[in-house]
Amino acid sequence: MYLTDIKQNQGSFQGHFQGLGLVGTFKGTVSVDGNVHFTVSIWGGTETLSFDGTIKIGGDIAGTFDALDPNGNKTGESGEWYAGWPQA
């Protein structure tokens with residue numbers, strides 16, 4: 001998974017998402033204690049990927065995600081995710 005072009009304004013952030021064979025834009029929030037939540041609209045807005053995670057020491061982020069239907073209900077597709085700094 002790649003999060004690029006990230007722009008942050010206090011506790012809100014947005015940028016570009018690439019992962020799970022999908023691309024799109026994301027928007028989310030980060031708390032003072034390092035909890036992260038962001039969403040990505042997929043398939044023309046008919047579903048949403050919802051990500052929750054925690055910022056780890058060194059800046060890597062890990063957590064879980066769920067696919068949500070248009071009503072915000074979980075579709076049963078879910079998993080773990082990880083985003084880290086690119087290796088040189």
Side-chain angles (χ1 to χ4, degrees):
M1 178 173 87
Y2 297 95
L3 303 175
T4 60
D5 299 325
I6 300 169
K7 294 177 178 50
Q8 183 175 352
N9 182 5
Q10 296 185 9
S12 298
F13 62 94
Q14 61 186 16
H16 291 92
F17 168 89
Q18 181 179 347
L20 306 171
L22 304 165
V23 295
T25 57
F26 69 87
K27 60 182 176 178
T29 59
V30 59
S31 68
V32 176
D33 57 353
N35 292 315
V36 176
H37 172 78
F38 64 95
T39 58
V40 181
S41 179
I42 57 172
W43 294 311
T46 61
E47 288 193 26
T48 300
L49 295 177
S50 178
F51 293 82
D52 289 292
T54 305
I55 300 173
K56 305 294 183 185
I57 294 173
D60 294 350
I61 311 170
T64 59
F65 76 91
D66 289 289
L68 308 176
D69 68 18
N71 297 318
N73 299 312
K74 294 180 181 181
T75 65
E77 296 183 63
S78 63
E80 296 181 353
W81 64 274
Y82 170 84
W85 295 105
Q87 301 296 316

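Please read all numbers here as calculations on a predicted model, not as lab measurements.
Under the side chain to side chain contact (heavy atoms under 4.5 Å, CB included) rule, L49 has a single partner from I42, L68, T39, which is I42.
For the pair D69 (side chain) and N71 (backbone), a donor-acceptor distance under 3.5 Å is present.
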In sequence, state the C-alpha distance, the side-chain angles, and the governing distance for S31 and H37, and then conclude on side chain to side chain contact (heavy atoms under 4.5 Å, CB included). CA-CA 9 Å; S31 68; H37 172 78; over 6 Å; no
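The two atoms that bring T4 and F26 nearest to each other are O-CE2, 4.3 Å, heavy atoms only.
Proximity of V36 to F13: side-chain heavy atoms (C-beta onward) are separated by under 4.5 Å at one or more points. Residues L22 and V40 form no side-chain contact, since every pair of their non-hydrogen atoms from C-beta on lies 4.5 Å or further apart. Counting heavy atoms from C-beta outward, D52 and N35 have side chains that stay 4.5 Å or more apart. Put simply, the side chain of L3 reaches to within 4.5 Å of the side chain of F17, judged on heavy atoms.
Residues V23 and I6 do not share a hydrophobic cluster, clusters being chains of Ile/Leu/Val/Met/Phe/Trp/Tyr side chains in contact below 4.5 Å.
For the atom pair CG (D66) and NZ (K74), the distance works out to 4.0 Å, reported to the nearest 0.5 Å. The distance from atom OG1 of T29 to atom CD of Q8, rounded to the nearest 0.5 Å, is 10.5 Å. Summarising the geometry, atom NZ belonging to K7 is positioned 15.5 Å from atom NZ belonging to K27; distances are rounded to the nearest 0.5 Å.
The aromatic rings of F38 and F51 sit parallel, their planes meeting at an angle under 30°, below the 60° perpendicular limit.
No more than 12 heavy-atom neighbours from other residues, nucleotides or ligands sit within 6.0 angstrom of OH on Y2.
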